[in-house]
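Computation of the quantities below employed the complete heavy-atom set of this structure, encompassing side-chain atoms and omitting hydrogens, waters and symmetry-equivalent molecules. Nothing fancy with the numbering, it's 1 onward along the sequence. This is a predicted model, so every value here is computed, not measured.
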Amino acid sequence: MSKILSKYDINIHGLEEKRYTYNFEGGNEFFGAFEQSLITNGQFEAIVKLNKNSSMIQLDFEIKGTVELTCDRSLELFDEPIDVSERYIYKFGDRYEEISDEIEMIPQGTATVNIAQHIYDFICVSLPMKKLHPRFRDEEIDEEGLLLYSTDKETVEEKEQEIDPRWAALNKLRMNN
C-alpha cells in the first residue's frame, strides 16, 4: 500500500466498545494513488463515525467535496460536487472474507483497517453516469429525468409534407381518430 493511502488507516486493536469519530481529507494525491482514470483531480473531507461492539465494527461515512470530471458532450473539464453518506461493516470472524459490498469479515485480532478504498469507491459510485457540464443541465428534462431534445416547428412541418403518398391514406385515418 502506498504511503499516501496509509494516512487512512484506523487502529482498531484495543478500542473500547463505544463510538469514535475520525476526520480525513484528501486531494489530487489521493485520487492519483488509484490505478484508474475516472477521477484524477479533486478534494474531499470525510467524517467517519466508528461504532465498535464485540462482534463487529460499523463505519458511517459522510464525504463532501468536489471532483474534476470531463463532460461527455463537450469534453470540457468541470467540478462536480460530491455529498455521500454510506455505511460499511467489518464483522469479526476467523478469516478475511468479503461477504457483500457493504460487509467484510476480518480476523478477531486485526490491528488496523484501511478505509481509503472505501472512500474512493463511495465517491465513484456517487458520480452521475452521464457526466454533463452544468451549463447543459438546464436543458428541458421530462418527469422521468430524461433529457428532451426539441426541434423547430418548421422542421416538423417540412417532414409532414414529405410523407410518402402510399402512407397518406393511413395518415388521414390516424388524424380522424
Arg135/Glu76 under salt bridge (Lys or Arg N to Asp or Glu O under 4.0 Å): CA gap, chis, key distance, verdict
CA-CA 11 Å; Arg135 70 173 184 201; Glu76 291 178 71; 2.3 Å; yes

Before you tell me yes or no, could you show the steps for Asp121 and Cys124 under side-chain contact (heavy atoms from CB on, under 4.5 Å), namely the whole-Å CA-CA distance, both residues' side-chain angles and the distance that decides it to 0.1 Å?
CA-CA 5 Å; Asp121 290 344; Cys124 288; 5.7 Å; no

request  = Step by step, work out the side-chain contact (heavy atoms from CB on, under 4.5 Å) result for Phe61 and Ser85.
outcome  = CA-CA 5 Å; Phe61 293 81; Ser85 296; over 6 Å; no

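At least one side-chain heavy atom of Tyr96 sits less than 4.5 Å from a side-chain heavy atom of Thr110. Counting only heavy atoms from C-beta outward, the side chains of Thr112 and Ile10 never approach each other to under 4.5 Å. With a 4.5 Å cut-off on side-chain heavy atoms, Ile39 and Phe31 count as touching. At least one side-chain heavy atom of Lys49 sits under 4.5 Å from a side-chain heavy atom of Arg19. Within the 4.5 Å cutoff, no side-chain heavy atoms of Asn41 are placed close to those of Val67. Looking only at side-chain heavy atoms (C-beta outward), Ser54 and Glu17 come within less than 4.5 Å of each other. Residues Leu77 and Leu69 fail the side-chain proximity criterion, which asks for heavy atoms closer than 4.5 Å. By the 4.5 Å heavy-atom criterion applied to side chains, Phe92 and Lys52 are counted as neighbours.
Counting all heavy atoms, side chain and backbone alike, Pro81 lies closest to Thr66 at CA-CG2, 4.1 Å. Residues Ile63 and Ala46 come closest through the heavy atom pair CG1-CB, 4.0 Å. The minimum heavy-atom distance linking Phe78 with His133 is given by the pair CB-CD2, 3.6 Å. Minimum heavy-atom separation, Tyr88 to Asp101: CE1-O, 3.3 Å. In terms of heavy-atom proximity, Asn114 sits nearest to Gln117 at OD1-N, 4.3 Å.
Taking OH of Tyr20 as the reference point, atom CG of Leu15 lies at 4.5 Å (rounded to 0.5 Å). For the atom pair Ile115 CD1 and Tyr8 OH, the distance stands at 8.5 Å (nearest 0.5 Å). Between the NZ atom of Lys3 and the CG atom of Leu5 there is a distance of 12.5 Å, given to the nearest 0.5 Å. Note that the CG atom of Asp94 and the CD atom of Glu97 stand 9.0 Å from one another [nearest 0.5 Å]. The distance from atom CD1 of Ile99 to atom CD of Glu104, rounded to the nearest 0.5 Å, is 8.5 Å. In this structure, Lys18 NZ and Asn53 CG are separated by 14.5 Å, a value rounded to the nearest 0.5 Å.
Residue Gln108 places its CD atom among more than 12 non-hydrogen atoms of other residues, nucleotides or ligands, all under 6.0 Å distant. Crowding of Lys131 atom NZ: a count of heavy atoms from other residues, nucleotides or ligands under 6.0 Å exceeding 12.
Both Tyr22 and Ile106 are members of a single hydrophobic cluster when ILVMFWY side chains are connected at heavy-atom separations under 4.5 Å. Linking ILVMFWY side-chain heavy atoms closer than 4.5 Å, directly or via other members, places Ile47 and Ile82 in two distinct hydrophobic clusters. Residue Ile57 is not grouped with residue Ile89 when hydrophobic side chains (ILVMFWY) are merged at heavy-atom distances under 4.5 angstrom, including chains of intermediate members. Linking Ile, Leu, Val, Met, Phe, Trp and Tyr whenever their side-chain heavy atoms come within less than 4.5 Å leaves Ile12 and Met105 in two separate clusters.
The pair Arg87-Asp60 counts as a salt bridge, with a side-chain nitrogen and a carboxylate oxygen less than 4.0 angstrom apart.
Side-chain contact of Asn23 with Glu25: a donor-acceptor pair under 3.5 Å is absent, judged by distance alone. Side chain to side chain, Gln58 and Asn51 fail the donor-acceptor criterion of an N or O pair below 3.5 Å.
The aromatic rings of Phe34 and Tyr120 lie parallel to each other, with less than 30° between the two planes, well short of the 60° mark.
Taking the six-membered ring wherever Trp is involved, the centroid distance between the rings of Phe30 and Phe44 falls below 6.0 Å.
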